[in-house]
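Written out below as structure tokens is the structure these notes cover.
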Amino acid sequence: MTDISQTKDHGLAVIRQEAEGLLQLADQLDDDFSRAVSKIVSTQGRVIVSGMGKSGHIGRKIAATLSATGSPAFFVHPAEASHGDLGLLKPTDTMLILSNSGATSELRPLIAYVKNLNAPMIGIASDADSLLMREADFRILLPKIPEACPELIAPTTSTTMMLAVGDALAIAAMRERGISRTELMQWHPGGSIGWRLLPVDSMLRKTGTLPLVTPTTGMRDVVLEMTSTGKGVAGVVDGEGNLVGIITDGDLRRSFDKMLIATAGEIMTASPKTVASGTRIEETLALMSEAKITVVFVMRADDPRKPAGVIHIHDIASI
């Protein structure tokens with residue numbers, strides 16, 4: 001049985017082998033990469049990605065990354081393609097085919113059909129003289145680096161390089177298109193990214209009163225109000241309900257010697273940081289981080305001087 005140190009060495013050898021492949025790939029990337037990116041950007045249809053076996057698994061991920069960064073794409077299995085799915089290809093599409101050898105037999109009908117259709121083809125392979133690279137309009141050649149598998153068989157280094165090329169194509173195309181952060185977030189409505197795109201109002205409590213006091217409120221009552229919501233804060237409002245200040249735990253500690261005689265107006269921090277109704281959660285987090293604060297009042301949409309709710313960083317930081 002292999003001991004722990006040997007197991008770690010085996011893992012490190014794989015990572016280093018694949019890292020070496022990526023370094024050599026970066027060194028030999030040529031102008032065909034740039035032309036392939038331009039073709040992806042100018043494609044009027046979709047980018048159709050295909051590959052067999054492990055190359056196919058990488059192709060599925062590349063298609064997903066392209067779509068998620070502004071280049072509509074999907075994966076087609078080469079074996080399925082030759083049994084009727086070739087009909088989905090149009091001359092306005094761009095074909096992206098991955099094959100380490102460039103001579104995978106299942107790809108032959110697909111390559112022939114793409115050429116007959118006169119659709120542009122991007123090939124990614126390690127053999128410049130292979131069928132795929134001879135027929136491709138844009139050729140991205142992978143370095144001939146041995147696989148990290150000790151038997152030099154299981155696709156490892158080659159698929160890592162393919163994945164890197166796919167990411168590079170997608171991100172370079174995204175930059176050329178000028179895709180904005182807002183667009184990216186709109187395409188990721190689920191999970192953490194989607195949550196951060198929501199307005200901060202969605203995190204406000206729908207019931208209960210806000211922890212609000214007036215400038216003349218005694219500090220004993222201020223503390224009681226601060227603890228009533230568990231936010232550790234009280235907003236100070238004037239006679240018209242406009243927010244004029246804020247009192248946090250930090251303000252209490254700094255004014256501890258005056259606690260028995262002070263009023264809220266004497267302790268508060270005037271003109272506090274606030275966010276407008278409709279501000280995205282991500283923007284709220286950025287403001288809180290920049291201002292080094294842990295709580296912020298959300299102001300009403302119909303009257304930005306009046307508070308609608310209060311948000312603590314713990315409410316949104318884990319999203």
Side-chain angles (χ1 to χ4, degrees), residues 15 18-19 21-26 28-30 32-78 80-81 85 88-90 92-100 102 104 107 110 114 119-126 132 136-143 155-197 282:
I15 294 171
E18 295 187 355
L22 293 177
L23 289 173
Q24 291 197 31
L25 172 64
Q28 75 173 45
L29 212 60
D30 59 19
D32 252 26
F33 172 84
S34 300
R35 287 190 282 269
V37 171
S38 296
K39 173 49 63 177
I40 289 172
V41 173
S42 64
T43 296
Q44 296 179 357
R46 297 109 354 129
V47 179
I48 314 299
V49 185
S50 190
M52 193 68 193
K54 302 301 183 291
S55 297
H57 293 307
I58 297 299
R60 291 180 188 276
K61 192 274 180 186
I62 292 174
T65 301
L66 283 165
S67 293
T69 51
S71 301
F74 64 87
F75 177 84
V76 61
H77 194 284
E80 297 293 337
D85 284 358
L88 58 82
L89 287 166
K90 305 297 179 186
T92 54
D93 295 332
T94 292
M95 192 78 217
L96 172 59
I97 300 179
L98 302 94
S99 171
N100 188 37
T104 306
L107 294 174
L110 178 58
V114 173
M121 183 177 3
I122 302 170
I124 301 176
S126 63
L132 172 60
D137 302 289
F138 309 93
R139 305 167 183 85
I140 301 176
L141 187 65
L142 303 176
T156 46
T157 308
S158 60
T159 49
T160 297
M161 291 188 292
M162 287 180 185
L163 182 61
V165 170
D167 287 343
L169 288 169
I171 299 305
M174 184 190 87
R175 288 179 175 274
E176 194 165 317
R177 290 179 189 278
I179 300 298
S180 68
R181 181 177 180 82
T182 298
E183 289 174 296
L184 285 175
M185 294 183 73
Q186 288 173 342
W187 298 332
H188 296 76
S192 174
I193 298 176
W195 271 105
R196 287 170 179 258
L197 189 62
E282 180 185 50

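In this structure, CG on Leu163 lies 6.5 Å from CD1 on Ile62, to the nearest 0.5 angstrom. One distance of note links CD1 of Ile40 with OG of Ser71; it measures 6.0 Å at 0.5 Å rounding. Here CD1 of Ile124 is found 9.0 Å from CG of Leu132. Values are rounded to the nearest 0.5 Å. Taken to the nearest 0.5 Å, the CE atom of Met121 stands 7.5 Å off from the CG atom of Leu110. To the nearest 0.5 Å, atoms OG1 (Thr157) and CG (Leu142) are separated by 11.0 Å. Considering CZ of Phe75 and CG of Leu98, their distance stands at 8.5 Å, rounded to 0.5 Å.
Nearest heavy atom pair, residue Ile140 against residue Phe33, reads CD1-CD1, 4.0 Å. Across Arg139 and Asp30, no two heavy atoms sit closer than the pair O-OD1, 4.3 Å. Of all heavy-atom pairs between Ser67 and Ala73, the closest is OG-O, 2.8 Å. Residues Ser55 and Asn100 come closest through the heavy atom pair OG-N, 4.1 Å. Contact detail for Ala119 and Lys90: the closest heavy-atom pair is CB-O, 4.1 Å. Residues Thr94 and Pro120 come closest through the heavy atom pair OG1-CG, 3.5 Å.
Screening residues 160-178 for salt bridge (Lys or Arg N to Asp or Glu O under 4.0 Å) gives Lys61-Asp167 as the qualifying pairs, with residues at least two apart or on separate chains.
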Show the numbers, then the answer: is there a side-chain hydrogen bond (donor to acceptor under 3.5 Å, both in side chains) between Ser99 and Thr104? CA-CA 7 Å; Ser99 171; Thr104 306; 2.9 Å; yes
Next item on the list: Check step by step if side chain to side chain contact (heavy atoms under 4.5 Å, CB included) holds for Ile122 and Met95.
Entry: CA-CA 6 Å; Ile122 302 170; Met95 192 78 217; over 6 Å; no
- Derivation and outcome, side-chain hydrogen bond (donor to acceptor under 3.5 Å, both in side chains), residues Thr160 and Glu18: CA-CA 7 Å; Thr160 297; Glu18 295 187 355; 2.9 Å; yes
Check your understanding: Under the side chain to side chain contact (heavy atoms under 4.5 Å, CB included) criterion, do Ile48 and Phe74 qualify, and how do the steps go?
Key -> CA-CA 5 Å; Ile48 314 299; Phe74 64 87; 3.3 Å; yes
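By the 4.5 Å heavy-atom criterion applied to side chains, His77 and Ser50 are not counted as neighbours.
Under the salt bridge (Lys or Arg N to Asp or Glu O under 4.0 Å) criterion, Arg46 pairs with Asp93, sequence neighbours left out. For Arg35, the salt bridge (Lys or Arg N to Asp or Glu O under 4.0 Å) partners two or more places apart in sequence, or in a different chain, are Asp32.
Counting only distance, with no hydrogens or angles, the side chain of Thr69 and the backbone of Met174 share no donor-acceptor pair below 3.5 Å.
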